[in-house]
Amino acid sequence: AQRVTQPEKLLSVFKGAPVELKCNYSYSGSPELFWYVQYSRQRLQLLLRHISRESIKGFTADLNKGETSFHLKKPFAQEEDSAMYYCALCGAGSYQLTFGKGTKLSVIP
Amino acid sequence: NAGVTQTPKFRVLKTGQSMTLLCAQDMNHEYMYWYRQDPGMGLRLIHYSVGEGTTAKGEVPDGYNVSRLKKQNFLLGLESAAPSQTSVYFCASRTVQEPGELFFGEGSRLTVL
């Protein structure tokens, strides 16, 4: 079974402060991990994937297999980062993408 | 290129009524999904399809049926709606090659009284 845990329902930070959205997963094999974002009144969309090791909108995420984590980080939060963030996992050969319960990020001006 | 389109966007039903949500995608994607989004529960997979004529159950399939008669369409049906099915429903699609890149619709908000 595959499971994704996002321990924080809501995270509030001040503009310019660092952000870390936590994600832990449970999966017996080698998963693929993703972060999705849903801005207010917009569609859910892919933010980044661990395989590409890219930085999108200043966000990065590193897969730590030892700690089974895939935390999302940004050094300086912006007001436009306020959104709902979902961590997601796809098991090897699986058709399904399993989402965490989401963390609502609120950036205070 | 509209991407993924869901209809209707809003609907209010009475308990016991039936309805169908339509999802259409114009990206020639093989895989399609129906999720429900509830506060504090995140996105939960209801049913999915890996190709025309095939469907499979997800995490929370009870009370729902689906059909994929055409590659571009994925229908979600509620035969006898219950208040517990009040939710926002999202359809998504993806290619075979990109397992994590789902393209989502705008969502359909369903209220069952």
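All values derive from a computational prediction rather than experimental measurement. Residue numbering restarts at 1 for every chain, and letters A, B, ... go by the order of the sequence lines.
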| message | Quick check on the structure: residues of residues 98-109 of chain A within a heavy-atom distance below 4.5 Å of chain B, by number. | response | A/F99, A/G100, A/K101
| task | Name the region of B/Y35, side chain, backbone, both or neither, that has any atom closer than 4.5 Å to a heavy atom of chain A. | result | side chain
| message | For a 4.5 angstrom cut-off between non-hydrogen side-chain atoms, does B/Y33 reach A/L97? | response | no
| remark: Note: A/S94 and B/R94 closest approach over all heavy atoms is O-NH2, 3.8 Å
| Which residues in residues 39-47 of chain A have any heavy atom lying under 4.5 Å from a heavy atom of chain B? | A/R43, A/L44, A/L46
| Which one of B/G105, B/G107, B/P39, B/A92 has the most heavy-atom pairs closer than 4.5 Å to chain A? | B/G105
| Polar side chain donor-acceptor pair, A/Q38 to B/Q37, under 3.5 angstrom | yes
| By a 4.5 Å heavy-atom criterion (distance strictly below it), what part of B/V4 contacts chain A: side chain, backbone, both, or neither? | both
| field | hydrophobic_cluster_shared for B/F104 and B/W34, side chain cutoff 4.5 Å | value | no
| field | Region of A/Y86 that comes under 4.5 Å of a non-hydrogen atom in chain B | value | side chain
| said: I'd like to check B/E59 versus A/Q96 (side-chain heavy atoms, cut-off strictly below 4.5 Å). Are they in contact? | reply: no
| field | B/Q6 portion near chain A, given a 4.5 angstrom heavy-atom threshold | value | neither
| remark: Bottom line for B/L43: the part with an atom under 4.5 Å from chain A's heavy atoms is both
